[in-house]
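Report on the structure given below.
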Amino acid sequence: MARAMKNDPMELVVLAVLGDGPLYGYAITKKVAARSAGEMKVSPGVLYPLLSLLEKQGLITSTWEEVRAERSEAEAANAGEPAAPRGRRRKWYRLSPKGKKRLEQRIDAHRAYQRMIDSFLSGGASGGAEGARA
Amino acid sequence: VSAERVPSDPGLRLTGGAPTPRDEIAAWLDLLEKMLGSPARECAATREELESHLRERVRDLVVEGLDEGEAVRCALSELGDAAVMARRYRQAKSFSRRRLIMNFSLCAAVVVAGVVGVVGLSRPDSSSRISTFQPPAGVEEHPSLERKMELRFQEEPLRAVFAAVSTQIDMPIRVLWRPLGEQGMSDETPITLDQDAKGFDAFLKALDEQLGDGAGWAIAYRVEDDAVKVATADYFDRREIVLASYELNTQAAPVTADLIQKFVHPEGWQQNGGDMANLELVGGKLFVRAPERYHAEVRWFIEEMRAWSDVQARADELNALRAQVRRLESRLEGNAVAPEHAASGGIPAPLSAEEIENMDAQTAMKEWSARKKSASLGDVSSETRQRLLDEAEKCRDRMARARSGE
(Lines give C-alpha, C1' and ligand atoms only; values in the text may rest on other atoms or scores of the structure.)
Protein backbone atom coordinates (compact mmCIF):
# COMPACT_ATOMS: atom_id res chain seq x y z
CA MET A 1 0.00 0.00 0.00
CA ALA A 2 2.68 2.40 1.02
CA ARG A 3 4.38 1.83 -2.28
CA ALA A 4 1.27 2.64 -4.26
CA MET A 5 0.89 5.90 -2.39
CA LYS A 6 4.54 6.80 -2.41
CA ASN A 7 5.40 5.97 -6.01
CA ASP A 8 5.03 8.49 -8.74
CA PRO A 9 1.84 7.93 -10.76
CA MET A 10 3.57 9.31 -13.86
CA GLU A 11 5.90 6.32 -13.90
CA LEU A 12 2.87 4.01 -13.92
CA VAL A 13 1.24 6.04 -16.71
CA VAL A 14 4.36 5.98 -18.89
CA LEU A 15 4.99 2.29 -18.30
CA ALA A 16 1.33 1.57 -19.07
CA VAL A 17 1.33 3.36 -22.43
CA LEU A 18 4.63 1.70 -23.35
CA GLY A 19 2.97 -1.58 -22.39
CA ASP A 20 0.85 -1.17 -25.51
CA GLY A 21 3.92 -0.97 -27.74
CA PRO A 22 7.02 1.07 -28.55
CA LEU A 23 6.61 4.86 -28.66
CA TYR A 24 8.81 7.93 -28.89
CA GLY A 25 8.60 10.82 -26.45
CA TYR A 26 6.23 13.10 -28.31
CA ALA A 27 3.97 10.15 -29.17
CA ILE A 28 3.80 9.29 -25.46
CA THR A 29 2.49 12.77 -24.62
CA LYS A 30 -0.14 12.45 -27.35
CA LYS A 31 -1.15 8.94 -26.34
CA VAL A 32 -1.53 9.89 -22.69
CA ALA A 33 -3.74 12.83 -23.69
CA ALA A 34 -5.76 10.64 -26.05
CA ARG A 35 -6.29 7.81 -23.55
CA SER A 36 -7.40 10.23 -20.85
CA ALA A 37 -9.64 12.17 -23.28
CA GLY A 38 -7.45 15.21 -22.73
CA GLU A 39 -7.81 15.06 -18.92
CA MET A 40 -4.17 14.21 -18.36
CA LYS A 41 -1.22 15.98 -19.91
CA VAL A 42 2.36 14.88 -19.50
CA SER A 43 4.68 17.83 -19.48
CA PRO A 44 7.66 17.13 -21.73
CA GLY A 45 9.78 18.83 -19.08
CA VAL A 46 8.87 15.97 -16.77
CA LEU A 47 8.57 13.20 -19.33
CA TYR A 48 12.06 13.22 -20.85
CA PRO A 49 14.02 13.16 -17.58
CA LEU A 50 11.64 10.42 -16.41
CA LEU A 51 12.34 8.39 -19.55
CA SER A 52 16.04 8.88 -18.92
CA LEU A 53 15.61 7.59 -15.37
CA LEU A 54 13.51 4.60 -16.43
CA GLU A 55 16.11 3.72 -19.03
CA LYS A 56 18.91 3.93 -16.47
CA GLN A 57 16.89 1.66 -14.20
CA GLY A 58 16.64 -0.87 -17.02
CA LEU A 59 12.84 -0.67 -17.12
CA ILE A 60 12.79 0.54 -20.71
CA THR A 61 15.15 0.28 -23.65
CA SER A 62 15.57 2.68 -26.54
CA THR A 63 16.57 2.70 -30.18
CA TRP A 64 17.07 5.54 -32.63
CA GLU A 65 15.19 5.42 -35.89
CA GLU A 66 15.29 7.86 -38.76
CA VAL A 67 12.03 9.64 -39.44
CA ARG A 68 10.52 8.85 -42.80
CA ALA A 69 8.73 11.98 -44.03
CA GLU A 70 5.01 11.33 -43.86
CA ARG A 71 4.48 13.66 -46.79
CA SER A 72 6.76 15.04 -49.41
CA GLU A 73 7.85 18.64 -49.10
CA ALA A 74 5.80 19.44 -52.19
CA GLU A 75 2.61 18.00 -50.67
CA ALA A 76 3.26 19.87 -47.48
CA ALA A 77 3.88 23.11 -49.35
CA ASN A 78 0.62 22.66 -51.26
CA ALA A 79 -1.21 22.20 -48.01
CA GLY A 80 0.52 25.26 -46.58
CA GLU A 81 2.15 23.17 -43.82
CA PRO A 82 5.77 22.41 -42.99
CA ALA A 83 6.99 18.94 -43.96
CA ALA A 84 8.75 16.65 -41.52
CA PRO A 85 12.44 17.29 -41.98
CA ARG A 86 14.47 14.53 -43.57
CA GLY A 87 17.36 12.93 -41.66
CA ARG A 88 15.80 13.66 -38.29
CA ARG A 89 15.78 10.79 -35.85
CA ARG A 90 13.40 9.71 -33.15
CA LYS A 91 14.24 7.86 -29.99
CA TRP A 92 11.82 4.97 -29.59
CA TYR A 93 11.23 3.47 -26.17
CA ARG A 94 9.95 0.02 -25.36
CA LEU A 95 9.40 -1.91 -22.13
CA SER A 96 12.16 -4.29 -21.06
CA PRO A 97 11.24 -7.60 -19.38
CA LYS A 98 12.11 -5.92 -16.08
CA GLY A 99 9.83 -3.04 -17.00
CA LYS A 100 6.97 -5.42 -17.78
CA LYS A 101 7.41 -7.01 -14.37
CA ARG A 102 7.52 -3.59 -12.72
CA LEU A 103 4.35 -2.56 -14.58
CA GLU A 104 2.53 -5.66 -13.33
CA GLN A 105 3.68 -4.94 -9.78
CA ARG A 106 2.60 -1.33 -10.04
CA ILE A 107 -0.82 -2.27 -11.43
CA ASP A 108 -1.37 -4.80 -8.64
CA ALA A 109 -0.28 -2.31 -6.00
CA HIS A 110 -2.45 0.40 -7.50
CA ARG A 111 -5.54 -1.84 -7.61
CA ALA A 112 -4.99 -2.98 -4.05
CA TYR A 113 -4.66 0.63 -2.95
CA GLN A 114 -7.78 1.57 -4.91
CA ARG A 115 -9.75 -1.28 -3.28
CA MET A 116 -8.64 -0.13 0.14
CA ILE A 117 -9.71 3.46 -0.52
CA ASP A 118 -12.98 2.25 -2.07
CA SER A 119 -13.75 0.28 1.07
CA PHE A 120 -13.53 3.51 3.08
CA LEU A 121 -15.59 5.46 0.59
CA SER A 122 -18.37 2.89 0.45
CA GLY A 123 -18.41 2.76 4.28
CA GLY A 124 -18.42 6.53 4.47
CA ALA A 125 -21.12 6.82 1.85
CA SER A 126 -23.45 4.40 3.63
CA GLY A 127 -22.72 6.11 6.96
CA GLY A 128 -23.46 9.43 5.37
CA ALA A 129 -26.70 8.13 3.92
CA GLU A 130 -27.76 6.77 7.26
CA GLY A 131 -26.87 10.04 8.86
CA ALA A 132 -28.95 11.85 6.27
CA ARG A 133 -31.90 9.54 6.86
CA ALA A 134 -31.66 10.10 10.59
CA VAL B 1 15.54 32.34 -22.11
CA SER B 2 16.32 34.20 -25.24
CA ALA B 3 18.59 33.89 -28.20
CA GLU B 4 20.48 37.02 -27.10
CA ARG B 5 21.60 35.43 -23.83
CA VAL B 6 23.12 32.29 -25.26
CA PRO B 7 23.25 32.50 -29.02
CA SER B 8 23.52 29.21 -30.81
CA ASP B 9 25.00 30.85 -33.85
CA PRO B 10 27.32 33.80 -33.24
CA GLY B 11 26.74 34.85 -36.84
CA LEU B 12 23.28 36.05 -35.86
CA ARG B 13 24.73 38.96 -33.98
CA LEU B 14 27.14 39.87 -36.68
CA THR B 15 24.34 40.24 -39.15
CA GLY B 16 22.36 42.19 -36.61
CA GLY B 17 19.16 40.45 -37.63
CA ALA B 18 16.47 39.45 -35.12
CA PRO B 19 16.62 35.80 -34.05
CA THR B 20 14.23 33.52 -35.90
CA PRO B 21 11.89 31.12 -34.07
CA ARG B 22 14.16 28.24 -34.96
CA ASP B 23 17.11 30.12 -33.42
CA GLU B 24 15.10 30.32 -30.22
CA ILE B 25 14.89 26.54 -30.18
CA ALA B 26 18.61 26.26 -30.77
CA ALA B 27 19.31 28.78 -28.02
CA TRP B 28 17.13 26.91 -25.55
CA LEU B 29 18.87 23.65 -26.44
CA ASP B 30 22.30 25.28 -26.16
CA LEU B 31 21.48 26.49 -22.69
CA LEU B 32 20.15 23.08 -21.63
CA GLU B 33 23.21 21.32 -23.05
CA LYS B 34 25.48 23.67 -21.15
CA MET B 35 23.69 22.99 -17.87
CA LEU B 36 23.40 19.25 -18.25
CA GLY B 37 27.03 18.71 -17.39
CA SER B 38 26.93 15.29 -19.05
CA PRO B 39 29.45 13.75 -21.43
CA ALA B 40 29.30 15.25 -24.93
CA ARG B 41 27.73 12.16 -26.50
CA GLU B 42 24.98 12.02 -23.88
CA CYS B 43 24.32 15.76 -24.25
CA ALA B 44 24.08 15.40 -28.01
CA ALA B 45 21.56 12.55 -27.70
CA THR B 46 19.41 14.54 -25.25
CA ARG B 47 19.56 17.55 -27.53
CA GLU B 48 18.60 15.53 -30.59
CA GLU B 49 15.65 13.97 -28.81
CA LEU B 50 14.31 17.28 -27.50
CA GLU B 51 14.91 18.99 -30.80
CA SER B 52 12.91 16.29 -32.53
CA HIS B 53 10.15 16.76 -29.97
CA LEU B 54 10.11 20.51 -30.43
CA ARG B 55 10.01 20.29 -34.23
CA GLU B 56 7.06 17.91 -34.14
CA ARG B 57 5.27 19.95 -31.54
CA VAL B 58 5.83 23.14 -33.51
CA ARG B 59 4.57 21.43 -36.66
CA ASP B 60 1.38 20.29 -34.89
CA LEU B 61 0.79 23.74 -33.41
CA VAL B 62 1.23 25.33 -36.83
CA VAL B 63 -1.31 22.84 -38.21
CA GLU B 64 -3.66 23.94 -35.41
CA GLY B 65 -3.37 27.53 -36.66
CA LEU B 66 -0.54 29.24 -34.76
CA ASP B 67 2.15 31.09 -36.67
CA GLU B 68 5.62 29.61 -36.39
CA GLY B 69 6.89 32.11 -33.82
CA GLU B 70 3.93 31.53 -31.51
CA ALA B 71 4.21 27.78 -32.01
CA VAL B 72 7.91 27.76 -31.03
CA ARG B 73 7.30 29.88 -27.94
CA CYS B 74 4.38 27.63 -26.94
CA ALA B 75 6.43 24.46 -27.45
CA LEU B 76 9.35 25.90 -25.46
CA SER B 77 7.07 26.99 -22.63
CA GLU B 78 5.75 23.41 -22.40
CA LEU B 79 9.31 22.19 -21.88
CA GLY B 80 9.74 24.81 -19.16
CA ASP B 81 12.86 26.36 -17.79
CA ALA B 82 16.05 24.84 -19.23
CA ALA B 83 17.76 25.04 -15.82
CA VAL B 84 14.95 23.09 -14.14
CA MET B 85 14.94 20.48 -16.84
CA ALA B 86 18.74 20.14 -16.66
CA ARG B 87 18.42 19.60 -12.93
CA ARG B 88 15.82 16.88 -13.47
CA TYR B 89 18.16 15.11 -15.85
CA ARG B 90 20.98 15.39 -13.34
CA GLN B 91 18.74 14.02 -10.60
CA ALA B 92 17.84 11.07 -12.80
CA LYS B 93 21.52 10.48 -13.37
CA SER B 94 22.51 10.86 -9.74
CA PHE B 95 19.65 8.55 -8.77
CA SER B 96 21.01 5.81 -10.99
CA ARG B 97 24.48 6.45 -9.58
CA ARG B 98 23.10 6.09 -6.05
CA ARG B 99 21.35 2.91 -7.10
CA LEU B 100 24.62 1.64 -8.55
CA ILE B 101 26.34 2.27 -5.22
CA MET B 102 23.51 0.58 -3.33
CA ASN B 103 23.52 -2.36 -5.71
CA PHE B 104 27.27 -2.60 -5.38
CA SER B 105 26.87 -2.73 -1.61
CA LEU B 106 24.22 -5.41 -1.96
CA CYS B 107 26.41 -7.39 -4.34
CA ALA B 108 29.27 -7.08 -1.90
CA ALA B 109 26.99 -8.41 0.85
CA VAL B 110 25.92 -11.31 -1.35
CA VAL B 111 29.54 -12.08 -2.27
CA VAL B 112 30.56 -12.00 1.40
CA ALA B 113 27.61 -14.22 2.28
CA GLY B 114 28.51 -16.53 -0.59
CA VAL B 115 32.12 -16.74 0.47
CA VAL B 116 31.08 -17.43 4.06
CA GLY B 117 28.68 -20.07 2.81
CA VAL B 118 31.20 -21.68 0.49
CA VAL B 119 33.85 -21.66 3.18
CA GLY B 120 31.32 -23.13 5.61
CA LEU B 121 30.15 -25.75 3.15
CA SER B 122 33.66 -26.73 2.19
CA ARG B 123 34.88 -27.26 5.72
CA PRO B 124 36.52 -30.66 6.13
CA ASP B 125 33.67 -32.02 8.28
CA SER B 126 30.97 -31.07 5.79
CA SER B 127 29.04 -33.41 3.52
CA SER B 128 30.99 -32.26 0.47
CA ARG B 129 33.66 -34.86 1.37
CA ILE B 130 33.14 -38.58 0.87
CA SER B 131 33.08 -40.20 4.25
CA THR B 132 33.38 -43.92 4.72
CA PHE B 133 33.17 -45.95 7.87
CA GLN B 134 36.51 -47.37 8.94
CA PRO B 135 36.10 -50.51 11.03
CA PRO B 136 38.37 -50.75 14.07
CA ALA B 137 41.66 -52.14 12.84
CA GLY B 138 42.73 -55.42 14.39
CA VAL B 139 40.76 -54.87 17.60
CA GLU B 140 43.97 -54.42 19.49
CA GLU B 141 47.24 -53.21 18.13
CA HIS B 142 50.14 -55.57 18.61
CA PRO B 143 53.50 -55.25 16.83
CA SER B 144 53.73 -58.95 16.15
CA LEU B 145 50.44 -58.92 14.31
CA GLU B 146 51.85 -56.40 11.84
CA ARG B 147 54.63 -58.66 10.67
CA LYS B 148 54.91 -59.68 7.07
CA MET B 149 54.06 -63.35 6.59
CA GLU B 150 54.86 -65.87 3.88
CA LEU B 151 51.82 -68.03 3.24
CA ARG B 152 52.94 -71.08 1.28
CA PHE B 153 50.49 -73.93 1.87
CA GLN B 154 49.44 -76.67 -0.47
CA GLU B 155 46.40 -78.59 0.78
CA GLU B 156 47.62 -78.19 4.35
CA PRO B 157 45.10 -78.75 7.19
CA LEU B 158 43.87 -75.53 8.76
CA ARG B 159 45.38 -76.59 12.07
CA ALA B 160 48.86 -76.72 10.49
CA VAL B 161 48.32 -73.36 8.83
CA PHE B 162 47.58 -71.66 12.17
CA ALA B 163 50.60 -73.37 13.69
CA ALA B 164 52.87 -72.06 10.93
CA VAL B 165 51.51 -68.54 11.24
CA SER B 166 51.89 -68.67 15.02
CA THR B 167 55.59 -69.36 14.48
CA GLN B 168 55.91 -66.47 12.04
CA ILE B 169 54.29 -63.92 14.37
CA ASP B 170 55.90 -65.41 17.41
CA MET B 171 52.62 -65.51 19.33
CA PRO B 172 50.45 -68.41 20.46
CA ILE B 173 47.19 -68.81 18.53
CA ARG B 174 44.15 -70.34 20.25
CA VAL B 175 41.56 -71.46 17.76
CA LEU B 176 37.97 -71.98 18.94
CA TRP B 177 37.02 -74.81 16.62
CA ARG B 178 33.39 -75.11 17.71
CA PRO B 179 32.28 -71.70 16.47
CA LEU B 180 34.37 -72.23 13.32
CA GLY B 181 32.69 -75.65 12.92
CA GLU B 182 29.30 -73.86 12.80
CA GLN B 183 30.67 -72.02 9.76
CA GLY B 184 31.73 -75.33 8.13
CA MET B 185 35.39 -75.20 9.09
CA SER B 186 37.40 -77.78 11.02
CA ASP B 187 41.03 -78.31 11.97
CA GLU B 188 41.35 -80.62 8.98
CA THR B 189 39.99 -78.24 6.40
CA PRO B 190 42.59 -78.18 3.63
CA ILE B 191 44.09 -74.80 2.81
CA THR B 192 46.06 -73.79 -0.26
CA LEU B 193 47.72 -70.40 -0.19
CA ASP B 194 50.67 -69.01 -2.09
CA GLN B 195 51.11 -65.38 -1.18
CA ASP B 196 52.67 -62.92 1.17
CA ALA B 197 50.48 -61.20 3.74
CA LYS B 198 51.19 -57.94 5.49
CA GLY B 199 50.03 -58.69 8.99
CA PHE B 200 47.56 -61.00 10.69
CA ASP B 201 44.54 -59.14 9.28
CA ALA B 202 45.70 -59.86 5.76
CA PHE B 203 46.22 -63.53 6.61
CA LEU B 204 42.64 -63.84 7.97
CA LYS B 205 41.32 -62.06 4.93
CA ALA B 206 43.06 -64.57 2.66
CA LEU B 207 41.52 -67.39 4.71
CA ASP B 208 38.13 -65.74 4.63
CA GLU B 209 38.26 -65.49 0.85
CA GLN B 210 38.98 -69.20 0.60
CA LEU B 211 36.64 -70.48 3.30
CA GLY B 212 33.99 -67.89 3.92
CA ASP B 213 31.74 -65.83 1.69
CA GLY B 214 34.46 -63.28 1.06
CA ALA B 215 32.37 -60.52 2.62
CA GLY B 216 34.68 -60.31 5.60
CA TRP B 217 34.25 -60.85 9.31
CA ALA B 218 33.47 -64.60 8.99
CA ILE B 219 36.71 -65.30 10.87
CA ALA B 220 37.73 -62.87 13.55
CA TYR B 221 40.28 -62.70 16.33
CA ARG B 222 41.08 -60.97 19.59
CA VAL B 223 44.30 -60.63 21.53
CA GLU B 224 43.88 -61.99 25.03
CA ASP B 225 46.69 -62.61 27.51
CA ASP B 226 49.35 -62.20 24.84
CA ALA B 227 47.72 -64.88 22.75
CA VAL B 228 45.66 -64.58 19.58
CA LYS B 229 42.18 -65.99 19.97
CA VAL B 230 40.54 -66.98 16.68
CA ALA B 231 36.81 -67.65 16.27
CA THR B 232 33.95 -66.45 14.09
CA ALA B 233 32.77 -62.84 14.07
CA ASP B 234 29.40 -64.04 15.38
CA TYR B 235 31.08 -65.63 18.35
CA PHE B 236 32.82 -62.43 19.36
CA ASP B 237 29.74 -60.34 18.60
CA ARG B 238 27.61 -62.29 21.06
CA ARG B 239 30.27 -61.99 23.72
CA GLU B 240 30.61 -58.26 23.17
CA ILE B 241 27.02 -57.10 23.18
CA VAL B 242 26.75 -53.71 24.87
CA LEU B 243 23.73 -51.63 25.79
CA ALA B 244 24.34 -47.97 25.15
CA SER B 245 22.27 -44.83 24.81
CA TYR B 246 22.90 -41.94 22.41
CA GLU B 247 21.75 -38.39 22.98
CA LEU B 248 19.91 -37.29 19.87
CA ASN B 249 18.52 -33.99 18.80
CA THR B 250 16.22 -35.32 16.12
CA GLN B 251 15.41 -31.82 14.95
CA ALA B 252 19.06 -30.98 14.40
CA ALA B 253 19.98 -34.44 13.11
CA PRO B 254 17.03 -36.41 11.74
CA VAL B 255 18.28 -39.85 12.83
CA THR B 256 15.60 -42.50 12.99
CA ALA B 257 15.65 -46.14 14.07
CA ASP B 258 14.65 -47.13 10.55
CA LEU B 259 17.63 -45.36 9.04
CA ILE B 260 20.08 -47.11 11.38
CA GLN B 261 18.50 -50.52 10.81
CA LYS B 262 18.71 -49.89 7.10
CA PHE B 263 22.37 -48.91 6.95
CA VAL B 264 24.19 -50.39 9.97
CA HIS B 265 24.47 -54.20 9.72
CA PRO B 266 20.87 -54.62 8.54
CA GLU B 267 20.95 -58.40 8.97
CA GLY B 268 21.61 -58.23 12.73
CA TRP B 269 18.66 -56.21 14.01
CA GLN B 270 15.71 -58.00 15.57
CA GLN B 271 13.41 -55.62 13.71
CA ASN B 272 14.85 -57.06 10.50
CA GLY B 273 14.60 -60.70 11.62
CA GLY B 274 18.12 -60.89 13.08
CA ASP B 275 19.05 -61.90 16.62
CA MET B 276 22.15 -59.86 17.30
CA ALA B 277 20.94 -56.34 18.06
CA ASN B 278 18.00 -54.25 19.10
CA LEU B 279 17.36 -50.53 19.29
CA GLU B 280 14.63 -48.17 20.40
CA LEU B 281 14.32 -44.42 20.05
CA VAL B 282 12.74 -42.96 23.19
CA GLY B 283 12.23 -39.21 23.13
CA GLY B 284 15.63 -37.70 22.53
CA LYS B 285 17.54 -40.88 23.36
CA LEU B 286 18.46 -43.80 21.20
CA PHE B 287 18.96 -47.05 23.13
CA VAL B 288 21.03 -49.59 21.26
CA ARG B 289 21.80 -53.12 22.43
CA ALA B 290 24.33 -54.47 19.99
CA PRO B 291 27.88 -55.77 19.56
CA GLU B 292 30.61 -53.19 19.95
CA ARG B 293 31.38 -53.17 16.24
CA TYR B 294 27.73 -52.22 15.57
CA HIS B 295 28.10 -49.33 18.02
CA ALA B 296 31.13 -48.07 16.13
CA GLU B 297 29.03 -47.80 12.97
CA VAL B 298 26.03 -46.33 14.79
CA ARG B 299 28.29 -43.60 16.22
CA TRP B 300 29.71 -42.89 12.77
CA PHE B 301 26.21 -42.78 11.25
CA ILE B 302 24.95 -40.29 13.85
CA GLU B 303 28.01 -38.07 13.37
CA GLU B 304 27.46 -38.08 9.61
CA MET B 305 23.83 -37.05 10.05
CA ARG B 306 24.87 -34.27 12.43
CA ALA B 307 27.44 -33.04 9.92
CA TRP B 308 24.79 -33.09 7.20
CA SER B 309 22.40 -31.26 9.46
CA ASP B 310 25.05 -28.58 10.15
CA VAL B 311 25.56 -28.14 6.43
CA GLN B 312 21.79 -27.87 5.95
CA ALA B 313 21.58 -25.27 8.70
CA ARG B 314 24.36 -23.25 7.06
CA ALA B 315 22.65 -23.59 3.68
CA ASP B 316 19.37 -22.42 5.26
CA GLU B 317 21.14 -19.44 6.80
CA LEU B 318 22.67 -18.62 3.44
CA ASN B 319 19.30 -18.90 1.69
CA ALA B 320 17.70 -16.70 4.34
CA LEU B 321 20.44 -14.13 3.78
CA ARG B 322 19.93 -14.30 0.03
CA ALA B 323 16.16 -13.83 0.49
CA GLN B 324 16.83 -10.85 2.74
CA VAL B 325 19.08 -9.30 0.10
CA ARG B 326 16.40 -9.90 -2.57
CA ARG B 327 13.76 -8.26 -0.36
CA LEU B 328 16.04 -5.30 0.26
CA GLU B 329 16.76 -4.99 -3.44
CA SER B 330 13.08 -5.22 -4.25
CA ARG B 331 12.33 -2.54 -1.67
CA LEU B 332 14.97 -0.29 -3.20
CA GLU B 333 13.40 -0.80 -6.62
CA GLY B 334 9.97 -0.05 -5.18
CA ASN B 335 11.25 3.17 -3.70
CA ALA B 336 12.44 4.46 -7.04
CA VAL B 337 11.84 8.19 -6.99
CA ALA B 338 10.91 9.95 -10.16
CA PRO B 339 13.03 12.99 -10.86
CA GLU B 340 10.24 15.47 -10.31
CA HIS B 341 9.65 13.98 -6.87
CA ALA B 342 13.24 13.36 -5.97
CA ALA B 343 13.22 16.44 -3.81
CA SER B 344 10.60 14.90 -1.55
CA GLY B 345 11.86 11.32 -1.70
CA GLY B 346 15.64 11.79 -1.90
CA ILE B 347 18.40 14.29 -1.21
CA PRO B 348 18.25 17.19 -3.70
CA ALA B 349 21.18 17.28 -6.10
CA PRO B 350 23.72 20.10 -5.77
CA LEU B 351 22.82 23.40 -7.46
CA SER B 352 25.34 25.71 -9.04
CA ALA B 353 25.24 29.44 -8.42
CA GLU B 354 24.39 29.92 -12.09
CA GLU B 355 21.40 27.60 -11.85
CA ILE B 356 20.11 29.46 -8.83
CA GLU B 357 20.57 32.78 -10.59
CA ASN B 358 18.49 31.52 -13.53
CA MET B 359 15.56 30.53 -11.32
CA ASP B 360 12.29 32.38 -11.19
CA ALA B 361 10.70 33.12 -7.82
CA GLN B 362 8.48 30.04 -7.81
CA THR B 363 11.30 27.64 -8.68
CA ALA B 364 13.57 29.24 -6.10
CA MET B 365 10.87 28.81 -3.44
CA LYS B 366 10.38 25.17 -4.40
CA GLU B 367 14.11 24.46 -4.22
CA TRP B 368 14.46 26.33 -0.93
CA SER B 369 11.61 24.26 0.53
CA ALA B 370 13.04 20.95 -0.69
CA ARG B 371 16.45 21.72 0.81
CA LYS B 372 15.09 22.85 4.15
CA LYS B 373 13.00 19.70 4.35
CA SER B 374 15.88 17.37 3.45
CA ALA B 375 18.26 19.15 5.81
CA SER B 376 15.88 18.42 8.69
CA LEU B 377 16.02 14.65 8.07
CA GLY B 378 17.89 12.65 10.66
CA ASP B 379 19.83 10.40 8.29
CA VAL B 380 21.61 13.20 6.42
CA SER B 381 25.34 13.60 6.96
CA SER B 382 26.54 16.88 8.45
CA GLU B 383 28.37 17.72 5.22
CA THR B 384 25.24 17.22 3.10
CA ARG B 385 23.12 19.12 5.63
CA GLN B 386 25.48 22.09 5.43
CA ARG B 387 25.34 22.02 1.63
CA LEU B 388 21.54 21.92 1.67
CA LEU B 389 21.34 24.81 4.13
CA ASP B 390 23.79 26.90 2.07
CA GLU B 391 21.82 26.27 -1.12
CA ALA B 392 18.53 26.97 0.67
CA GLU B 393 19.92 30.32 1.80
CA LYS B 394 20.91 31.20 -1.77
CA CYS B 395 17.52 30.09 -3.08
CA ARG B 396 15.76 32.28 -0.52
CA ASP B 397 17.91 35.21 -1.55
CA ARG B 398 17.15 34.51 -5.22
CA MET B 399 13.43 34.22 -4.41
CA ALA B 400 13.43 37.63 -2.77
CA ARG B 401 15.31 39.24 -5.63
CA ALA B 402 13.12 37.57 -8.28
CA ARG B 403 10.02 38.89 -6.54
CA SER B 404 11.43 42.40 -6.50
CA GLY B 405 11.92 42.18 -10.26
CA GLU B 406 15.65 41.43 -10.49
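Every value quoted in this text rests on a predicted model; they were computed, and no experiment measured them.
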query: Where the side chain of B:Arg88 meets the backbone of A:Gly45, is there a donor-acceptor pair that is under 3.5 Å apart?
result: yes
Member of A:Arg89, A:Arg90, A:Lys91 meeting the side-chain hydrogen bond (donor to acceptor under 3.5 Å, both in side chains) criterion with B:Glu48: A:Arg89
field: chain A contact via B:Leu54 - side chain, backbone, both or neither, heavy atoms under 4.5 Å
entry: neither
task: Find the distance between CZ (B:Arg55) and OH (A:Tyr26) and round it off to the nearest 0.5 Å.
output: 14.0 Å
message: Evaluate A:Tyr24 against B:Glu56 for side chain to side chain contact (heavy atoms under 4.5 Å, CB included), listing each step before the verdict.
response: CA-CA 11 Å; A:Tyr24 54 95; B:Glu56 290 198 54; 3.4 Å; yes
query: Does CZ in B:Arg401 sit with more than 12 non-hydrogen atoms of other residues, nucleotides or ligands closer than 6.0 Å?
result: yes
message: Taking CD in B:Gln362 as the centre, count heavy atoms belonging to other residues, nucleotides or ligands within less than 6.0 Å. Is the count above 12?
response: no
Distance, nearest 0.5 Å, that separates OG of A:Ser52 from CD of B:Gln91: 11.5 Å
- request: Look at atom CD of B:Glu64 and say whether more than 12 heavy atoms of other residues, nucleotides or ligands are closer to it than 6.0 Å.
  value: yes
statement: The complete set of ring pair (Phe, Tyr, Trp, His ring centres under 6.0 Å) pairs with one or both residues in residues 31-51 of chain A, sequence neighbours excluded, reads A:Tyr48-B:His53
- request: Could you check A:Leu53 against B:Tyr89 for side chain to side chain contact (heavy atoms under 4.5 Å, CB included), going step by step and ending with a plain yes or no?
  value: CA-CA 8 Å; A:Leu53 177 67; B:Tyr89 268 113; over 6 Å; no
- prompt: Do A:Arg88 and B:Ser52 have a side chain donor and acceptor closer than 3.5 Å?
  reply: yes
message: Between A:Lys41 and chain B, with a heavy-atom cut-off of 4.5 Å, which part of the residue counts as in contact: side chain, backbone, both or neither?
response: neither
message: As an exercise, state the distance from CG of A:Leu51 to OG1 of B:Thr46, rounded to the nearest 0.5 Å.
response: 11.0 Å
- request: Please name the pair of heavy atoms, one in B:Met85 and one in A:Pro49, separated by the smallest distance, quoted to 0.1 Å.
  value: CE-CD, 3.9 Å
Per-residue contact mode, B:Ala45 against chain A (heavy atom under 4.5 angstrom): both
